[in-house]
Amino acid sequence: MGEMPRSFEKELAYTPEIARETADLYKRVAHVMPEIEWAVHAPYIAAINKLKKEKNAVILAHNYMTPEIFHCVSDFRGDSLQLAREAAATDAKVIVQAGVHFMAETSKILSPDKTVLIPDTRAGCSLAASITGADVRLLKQKYPGLPVVTYVNTSADVKAESDVCCTSSNAVAVVEDIAREFGVDTVIMTPDEYLALNVAKQTKIKIIAWKGHCEVHERFTAQEIRDYREANPGVVVLAHPECPPEVVAEADFAGSTSAMIGYVGKHHPKRVVMVTECSMSDNVAAEHPEVEFIKPCNLCPHMKRITLPQLLHSLETMTYEVTVDPAIAERAKAAVERMLAVKMPVVAKAA
Ligand code: 13P
Ligand code: SF4
């Protein structure tokens, strides 16, 4: 049997030296994390940050990571589109994806020469699991001549069969762009039915949707939103477009995870509810102590597979390496790069 990785052997100790070394990092999360909790995280944070340098690695963290990951060990953070852009641009030798598997695959597709690691291979996504490449081929047979727009929350196989990818922050622009290019008034959109319906409300292009759903966002209801408003007068409601359309209709603003963060930074609402995965509120609250966050807690079980011990283990053992068949990767890359050609804001670098 191989040697046990250090991080899984025993709990790491919170020494006075670690406390001093991580004191500035703690300030970033102090508003949402009691000191007693910091004592558990700090030794891992110190070890991860040291190992990252030794291995010439960067950690790309999605907005749904927990605050100790998001604010204290990530090099870049953002929504799916921002992380994809960063994966394409980084000079580091190793990318550790603090997010789910499709994000790591996208990084590998865009940076085939880099080592891409996912700390837990079980970090999947209900949307990615809802469709296969064979399903897309059948759709193309059924609707010949129509372009296929595929949400990045999919496997490389599905991306390879698609004409262009999109994320929640560029979906409308991508749909209109590809319809223009194909000279059609209808596109096929996979796999998120609700994102497709929400996009359809913002464009004249007709959309044929697949019936995949996000297991986190499909659980929100319009009644729940009305209840938040009644219980919290004046609350501003921000929703992710993976929510059902009747939920988005009740919101004051709908956008990608980063668009929601941007809304709080720009408007500083007194009270806000983010209708999305619950770590988002913690991450934004850490930076905006002046805003009161009402926190419905729908956790993404896949995102929550990524923890500090898993990240440290990943760096120590260089696991689990994400690979994509080069022939599939080449076709998937064309769809992702076509999406990246749509002009969008650049990624925010962690301070
Ligand atoms: P964003 O691109 O908005 O970050 O969404 C990714 C995701 O998985 C939301 O559930
Ligand atoms: Fe997939 Fe939903 Fe989790 Fe995002 S929140 S990774 S869409 S299951």
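Atoms within a ligand are numbered from 1 in the order they appear, just like the ligands themselves.
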Original post:
Numbering the atoms of ligand 2 from 1, which are under 4.0 Å from a heavy atom of Leu127?
Top reply: 7 (S)

Subject >> Nearest protein heavy atom with distance in Å, relative to atom 6 (C) of ligand 1 >> reply: Ser80 OG, 3.3 Å

Original post:
Between Cys214 and Cys125, is the SG gap short of 2.5 Å?
Top reply: no

**OP:** List every atom of ligand 1 that sits less than 4.0 Å from any heavy atom of His217, numbering the atoms from 1 in the order shown and giving each element.
**Re:** 10 (O)

Original post:
Donor-acceptor pair, Lys55 side chain versus Met318 backbone, under 3.5 Å?
Top reply: no

**OP:** Could you list the atoms of ligand 1 found under 4.0 angstrom from a heavy atom of Asp79?
**Re:** 1 (P), 2 (O), 4 (O)

Subject >> Protein residue, atom and distance nearest to atom 7 (C) of ligand 1, heavy-atom basis >> reply: Glu242 OE2, 3.6 Å

**OP:** Identify whether the distance between the nearest side-chain nitrogen and carboxylate oxygen of Glu230 and Arg226 falls below 4.0 Å.
**Re:** no

**OP:** Using a strict cut-off of less than 4.0 Å between a Lys/Arg side-chain nitrogen and an Asp/Glu carboxylate oxygen, indicate whether Arg229 and Asp252 qualify as a salt bridge.
**Re:** yes

Subject >> Val40, Ile45, Leu12 screened by side-chain contact (heavy atoms from CB on, under 4.5 Å) with Leu308, the one that passes >> reply: Ile45

Subject >> Within-cut-off N or O pair, Ser256 and ligand 1, under 3.5 Å >> reply: no

Original post:
Are Glu277 and ligand 1 in contact, using a heavy-atom cut-off of under 4.0 Å?
Top reply: no

Subject >> Close N or O approach (Thr167, ligand 1; < 3.5 Å) >> reply: no

**OP:** For residues Cys243 and Tyr194, report the shortest heavy-atom separation together with the two atoms involved.
**Re:** O-CB, 3.5 Å

**OP:** Provide, to 0.1 Å, the distance between atom 3 (Fe) of ligand 2 and the closest protein heavy atom, together with that atom's residue and name.
**Re:** Cys300 SG, 2.4 Å

Original post:
With a 4.0 Å cut-off on heavy atoms, is Asn153 touching ligand 1?
Top reply: yes

**OP:** Measure the distance from atom 5 (O) of ligand 1 to every protein heavy atom, then report the residue, atom name and distance (to 0.1 Å) of the closest one.
**Re:** His240 NE2, 3.3 Å

Original post:
Are any of the side-chain nitrogens in Asp185 or Lys204 under 4.0 Å away from the carboxylate oxygens of its partner?
Top reply: no

**OP:** Tell me, please, if Cys214 has any N/O/S atom, main chain or side chain, under 2.8 Å from atom 2 (Fe) of ligand 2?
**Re:** yes

Subject >> Those atoms of ligand 1 less than 4.0 Å from some heavy atom in Ser168 >> reply: 1 (P), 2 (O), 3 (O)

Original post:
Does Glu277 reach ligand 2, in the sense of a heavy atom lying below 4.0 Å from it?
Top reply: no

**OP:** Assign the ring pair Tyr64 / His62 to parallel, tilted or perpendicular, where the plane angle (0 to 90°) is split at 30° and 60°.
**Re:** perpendicular

Original post:
Any idea which protein heavy atom is nearest atom 1 (Fe) of ligand 2, and the distance to it?
Top reply: Cys125 SG, 2.4 Å

**OP:** Run the numbers for me: atoms of ligand 2, each under 4.0 Å from some heavy atom of Glu242, listed by number.
**Re:** 2 (Fe), 7 (S)

Subject >> Heavy-atom pair of closest approach, residues Ala335 and Ser162 >> reply: CB-O, 3.8 Å

Original post:
Does Lys304 come within less than 4.0 Å of Glu277, counting only side-chain N to carboxylate O?
Top reply: yes

**OP:** Any atoms of ligand 2 less than 4.0 Å from a non-hydrogen atom of Tyr64? List them with their elements.
**Re:** 5 (S)

Original post:
Considering distance alone, does some N or O of Asn63 sit under 3.5 Å from an N or O of ligand 1?
Top reply: no

**OP:** Could you tell me whether Arg331 and Glu161 make a salt bridge, using a distance below 4.0 angstrom between a side-chain N and a carboxylate O?
**Re:** yes

Original post:
Are Arg122 and His101 close enough that a side-chain donor and a side-chain acceptor fall under 3.5 Å?
Top reply: no

**OP:** List every atom of ligand 2 that sits less than 4.0 Å from any heavy atom of Ser126, numbering the atoms from 1 in the order shown and giving each element.
**Re:** 8 (S)

**OP:** Within a distance under 4.0 Å of any heavy atom of Asn153, pick out the atoms of ligand 2 and give their elements.
**Re:** 7 (S)

